[in-house]
Amino acid sequence: QVQLVESGGGLVQAGDSLRVSCAASGHFFRPYAVGWFRQAPGKEREFVAGINSLGGRTYNVDSVKGRFTISRDNTNNTVYLQMNSLKPEDTAVYYCAVRMGGATSYSTTDYSYWGQGTQVTVSS
């Protein structure tokens, strides 16, 4: 069993930066892929970024276009999502998720464990 806790969300203005964190307990992060997803009101949950067990990164380029960076600290069992140049359309609840395999995936159904989410609100 893996427990995930997101933190670092908040209310910011357009153009600001924010870093959200995903801390795991109950198991080691190292062998697994971790993804960040987000869900805005009335929309489906969408993939934002992922990092595989070897540190390789995948981004939803259409959404983040070089503004977001995912990283992981296996020593502290934490994955980060650095978000720069935030836009109002980035407003959503951000979730991290663990896939019990080394490769990332765009599909929510490929992830076994989810955090409770952290709200990010970007005002214009």
Worksheet item: For Ala103 and Ala33, which heavy atoms make the closest approach, and how far apart are they?
Response: O-CB, 3.3 Å
Item to complete: Mark yes or no for whether Arg45, through its side chain, and Ala40, through its backbone, hold a donor-acceptor pair below 3.5 Å.
Response: no
Worksheet entry | Heavy-atom check, side chain of Tyr95 versus side chain of Leu4, under 4.5 Å | no
Worksheet, complete the sentence: Taking every heavy atom of Gly117 against every heavy atom of Val93, the minimum-distance pair comes out as CA-CG1, 3.8 Å
Worksheet item: Can you check whether Val98 reaches Trp114 side chain to side chain, under 4.5 Å on heavy atoms?
Response: no
Response to the item:
Interatomic distance, OG1@Thr104 vs CG@Asp110, rounded to 0.5 Å, equals 10.0 Å
Worksheet item: Can you find a heavy atom in the side chain of Phe47 that is under 4.5 Å from one in the side chain of Tyr111?
Response: yes
Worksheet item: Are Phe68 and Trp36 close enough that their ring centres sit under 6.0 Å apart?
Response: no
Discussion item. Please tell me whether Asn84 and Ser17 have a donor and an acceptor in their side chains that are separated by less than 3.5 angstrom.
Written reply: yes
Item to complete: State yes or no: do Phe37 and Tyr32 share one hydrophobic cluster built from I, L, V, M, F, W and Y residues joined by side-chain heavy-atom distances below 4.5 Å, directly or via other members?
Response: no
Item to complete: Look up atom CG in Asn60 and atom CD in Glu46, then write down how far apart they are to the nearest 0.5 Å.
Response: 5.5 Å
Worksheet item: Short question: side chain of Gln119, backbone of Gly10 - any donor-acceptor pair under 3.5 Å?
Response: no
Worksheet item: Side-chain donor-acceptor pair under 3.5 Å between Thr91 and Glu89, yes or no?
Response: no
Discussion item. I need the Glu6 CD to Cys96 SG distance, nearest 0.5 Å.
Written reply: 4.0 Å
Discussion item. I'd like to know whether Gln3 forms a side-chain contact (heavy atoms from CB on, under 4.5 Å) with Val5, so could you lay out the CA-CA distance, the side-chain angles of the two residues, the decisive distance to 0.1 Å, and finally the verdict.
Written reply: CA-CA 7 Å; Gln3 292 83 40; Val5 177; 5.7 Å; no
Worksheet item: Roughly how far, to the nearest 0.5 Å, is CG of Asp16 from CE of Met83?
Response: 11.0 Å
Discussion item. Applying a strict under-4.5 Å side-chain criterion to I, L, V, M, F, W and Y, I'd like to know whether Val79 and Tyr113 cluster together.
Written reply: yes
Discussion item. If you define the side chain from C-beta out and look only at heavy atoms, does anything of Thr121 sit under 4.5 Å from Val12?
Written reply: no
Worksheet item: Side chain of Arg72, backbone of Tyr80: donor and acceptor closer than 3.5 Å?
Response: no
Practice prompt. Would you confirm whether Asn76, through its side chain, and Thr78, through its main-chain N or O, come within 3.5 Å as a donor-acceptor pair?
Written response: no
Discussion item. Nearest 0.5 angstrom please: Arg19 CZ to Ser7 OG, how far?
Written reply: 9.0 Å
Worksheet item: So, the side chain of Tyr59 versus the backbone of Arg67: is there a donor-acceptor pair under 3.5 Å, distance only?
Response: no
Practice prompt. With the side chain counted from C-beta on, respond yes when Pro88 and Ser124 share a heavy-atom pair under 4.5 Å apart, and no when they do not.
Written response: yes
Worksheet entry | Donor-acceptor pair between Ser107 and Ser105 side chains, under 3.5 angstrom | no
Fill in: Backbone N/O of Asn77 and side chain of Asn74: donor-acceptor pair under 3.5 Å
no
Discussion item. Restricting to non-hydrogen atoms, name the atom on Val2 and the atom on Ala24 that form the minimum distance, rounded to 0.1 Å.
Written reply: CG1-CB, 4.3 Å
Item to complete: Flag the pair Val20 / Val120 as yes when at least one side-chain heavy-atom distance between them is below 4.5 Å, and no otherwise.
Response: yes
Worksheet item: Are Thr69 and Leu81 close enough that some pair of their side-chain heavy atoms sits under 4.5 Å apart?
Response: no
Item to complete: For the pair Asp90 (side chain) and Lys87 (backbone), establish whether a donor and an acceptor sit closer than 3.5 Å, ignoring hydrogens and angles.
Response: yes
Discussion item. Measuring from atom CZ of Arg99 to atom OG1 of Thr108, what distance do you get when rounded to the nearest 0.5 angstrom?
Written reply: 11.5 Å
Worksheet entry | Arg38 side chain to Tyr94 side chain, donor-acceptor N/O pair below 3.5 angstrom | yes
